[in-house]
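Throughout, protein chains are lettered first and strands after them, A, B, ... in sequence-line order, and every chain is numbered starting at 1. The basis for the numbers below is simple: all heavy atoms, side chains too, and nothing from hydrogens, waters or symmetry mates.
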There are 2 protein chains.
Amino acid sequence: MKTDSNSNLGFALLGLLWQSPRSGYDLRKFFSATPMMSFSDSPGAIYPALRRLEQRGFIRGQAEGARRRKIFQLTPRGRSEFRRWQTQPITRQDVVRNCDALVLRFAFMDQSVGKRDCLRFLKSFQRELLQYLPGLREYFRTNRRHMPASGRLALQNGIEAYEGNLRWTEVAIRTYRNQKGGSS
Amino acid sequence: MKTDSNSNLGFALLGLLWQSPRSGYDLRKFFSATPMMSFSDSPGAIYPALRRLEQRGFIRGQAEGARRRKIFQLTPRGRSEFRRWQTQPITRQDVVRNCDALVLRFAFMDQSVGKRDCLRFLKSFQRELLQYLPGLREYFRTNRRHMPASGRLALQNGIEAYEGNLRWTEVAIRTYRNQKGGSS
DNA sequence: TAGTCCATGTAAGATGTTACATGATTCA
DNA sequence: TGAATCATGTAACATCTTACATGGACTA
C-alpha cells in the first residue's frame with residue numbers, strides 16, 4: 001500500500017521533468033510565469049517535493065554550472081510510476097472530489113502513453129461523468145425549492161462545471177479519433 | 001495576522017452550523033450523503049476541525065441525549081468571523097488558484113449577509129474573471145501550436161472552466177437583480 | 001561596492017489522510 | 001447475545017504555507 005504516495009504537485013513535477021530536465025528554480029518560474037497550473041511556486045513546496053521524488057528513485061539530479069544549480073531528470077522508475085498514475089482506473093471518487101487531478105493526469109499523456117490510453121482515459125472519464133450527473137441533477141430538482149438563492153446557485157455552478165467537463169471529453173475524444181496514427 | 005487561519009473545511013462547517021446546529025456525526029453524514037460538497041466525511045478531519053473552531057471561540061457545543069452526542073452552534077464571534085471571510089475582497093490569487101473556495105464563500109451568503117453584499121461579491125468575481133481570462137486566451141493562442149494535443153486540451157479545459165464561471169456570475173447577478181427586497 | 005537576481009534550503013505550524021480504538025444503543 | 005449502527009476520538013504520517021536564511025553572480 002501507499003504506492004500512490006505522491007501528491008498532485010509531485011506528479012506535476014514528474015510531468016514537467018519528463019518534458020525536459022530542469023532545476024527547482026526553473027520549475028518555480030514555470031509555475032509563477034505560466035497560467036497553466038495553479039501550483040505554488042514557493043521554495044518551501046518545490047524543493048522538499050523534489051527531494052522526496054529523488055529519495056523514492058523517481059528523479060535524479062546533478063549539479064551543473066557555476067551557480068549551485070541542480071538539474072533533475074526522470075529515472076526509468078519515475079517514468080513507469082508516472083505512467084502507472086496516469087493509466088490507473090478512474091473512480092467515482094476521482095470525479096466527485098478531484099476533477100482537477102484528472103485533467104492533470106491527462107495533460108501530460110501525449111508524451112508518456114499512446115493514443116490508445118488517451119482515448120481509454122477520456123472515455124472512462126466521460127462514462128463516470130455520465131453516471132454521476134443524473135444523481136446531481138435529480139438532487140437539484142428535488143431540493144431547489146427549499147434552498148436559498150445562493151445555495152441553489154452554488155449547486156448550479158457545480159453541476160455546470162461537471163457538464164463543462166462532459167462536453168470537454170466529447171471534444172477531446174473527437175480530437176483523438178480524427179488524429180491519424182498513434183500508439184507508443 | 002493569521003486571522004484567516006480557518007481552512008475551507010472549517011468555513012464549510014461554520015456555514016452548515018449557521019444553517020442549523022448539528023453534531024459532528026450529522027456533519028459527516030451530510031458530507032457523505034449530499035453531493036453538494038466534496039469534503040471528507042472522515043472523523044479524522046471533522047472532529048479535530050470542530051475542536052479547533054471551538055477553541056477559537058467560533059462555535060460552542062453541548063452534550064445532548066443519551067448517546068454522547070454533542071451539538072454545535074455558532075457563537076456571535078463565529079458569525080462575525082464567517083461574514084468577514086465571505087465579504088473580504090476577492091483577489092486575483094483567489095480566482096487563479098481557488099475558484100472552488102469562492103463558490104463556497106458564496107454558497108452560504110443568503111443566510112449571513114444581505115443582497116447588497118451578494119451582488120458586490122458576484123460583481124467582484126465577474127470583474128476578476130474578466131481581467132484574468134484575456135491573458136489566458138492570449139497564452140493559449142500563442143502557444144497552442146507548440147503544445148501536444150493533451151496539453152492543449154487540458155489548457156482548453158481550464159479556460160472553459162473560467163468561462164463557465166463567468167457565465168455563471170452573469171446568471172447569478174441577474175437572479176439577484178430581479179429579486180425584490182433584500183438587505184440585512 | 002551596493003543592490004538585485006539566481007538558487008537552494010530549513011523551521012514552525014496547520015491541516016488532512018488513513019487506520020485504529022472505544023463504548024453506547026438498537027434490533028434480530 | 002451478537003451484529004450493526006451511532007458517535008467520538010487518537011496516532012502516525014505526509015504535505016503545504018509562511019517566513020526566514022544563505023551565499024554566489026551579475027551589473028550599475
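- Under the rule for a salt bridge (charged side-chain N to carboxylate O under 4.0 Å, His left out), the partners of B:R137 that lie at least two apart in sequence or sit in another chain are B:E163.
- In this structure, the CG atom of B:D41 is 14 Å from the P atom of C:dA19, given to the nearest Å.
- In this structure, B:R97 reaches the D:dT17 phosphate: one of its side-chain N or O atoms is under 4.0 Å from OP1 or OP2.
- Shown here are the side chain to side chain donor-acceptor pair (under 3.5 Å) partners of B:T87, two or more places apart in sequence or in another chain: there are none.
- With rounding to whole Å, B:R56 atom CZ is found 14 Å from C:dG13 atom P.
- For A:Y139, there are no ring-ring contact (aromatic ring centres under 6.0 Å, His included) partners at least two apart in sequence or on another chain.
- Here A:F140 pairs with nothing under the ring-ring contact (aromatic ring centres under 6.0 Å, His included) rule; sequence neighbours left out.
- Checked against side chain to side chain donor-acceptor pair (under 3.5 Å), A:S42 has the following partners two or more places apart in sequence or in another chain: A:S40.
- Contacts between residues 44-54 of chain B and DNA chain D, counted as heavy-atom distances below 4.0 Å, involve B:G44, B:Y47, B:R51.
- Listed by residue number, the members of residues 16-31 of chain A with any heavy atom below 4.0 angstrom from DNA chain D form an empty set.
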Check nucleotides 20-23 of chain D against the protein and report each pair of N or O atoms closer than 3.5 Å, with its distance, or say if there are none.
unit_1, atom_1, unit_2, atom_2, d
D:dT22, O2, A:R68, NH2, 3.3

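- Between A:N98 atom CG and C:dT17 atom C1' the separation is 13 Å, expressed in whole Å.
- Residues that satisfy the salt bridge (charged side-chain N to carboxylate O under 4.0 Å, His left out) test with B:E170, not counting sequence neighbours, are absent from this structure.
- B:W18 and B:F82 have their aromatic ring centers within a separation under 6.0 angstrom.
- By the 4.5 Å heavy-atom criterion applied to side chains, B:N143 and B:R152 are not counted as neighbours.
- Scored by the salt bridge (charged side-chain N to carboxylate O under 4.0 Å, His left out) test, A:E138 finds A:R141 as partners (sequence neighbours excluded).
- With sequence neighbours excluded, the residues satisfying salt bridge (charged side-chain N to carboxylate O under 4.0 Å, His left out) with B:R120 are B:D117.
- Nucleotide C:dG23 holds its C1' atom 16 Å from the NZ atom of B:K70, rounded to whole Å.
- Note on residues 8-31 of chain A: pairs passing salt bridge (charged side-chain N to carboxylate O under 4.0 Å, His left out), not counting sequence neighbours, are A:D26-A:K29, A:D26-A:R69.
- Rounded to whole angstrom, the span from the CG atom of A:L9 across to the P atom of D:dT17 amounts to 8 Å.
- When distances are taken from the side chain of A:S7 to each of D:dT8, C:dT17, D:dC16, the shortest belongs to D:dC16.
- In this model, the phosphate group of C:dT18 is not approached by any side-chain N or O of B:S42 to a distance below 4.0 Å at OP1 or OP2.
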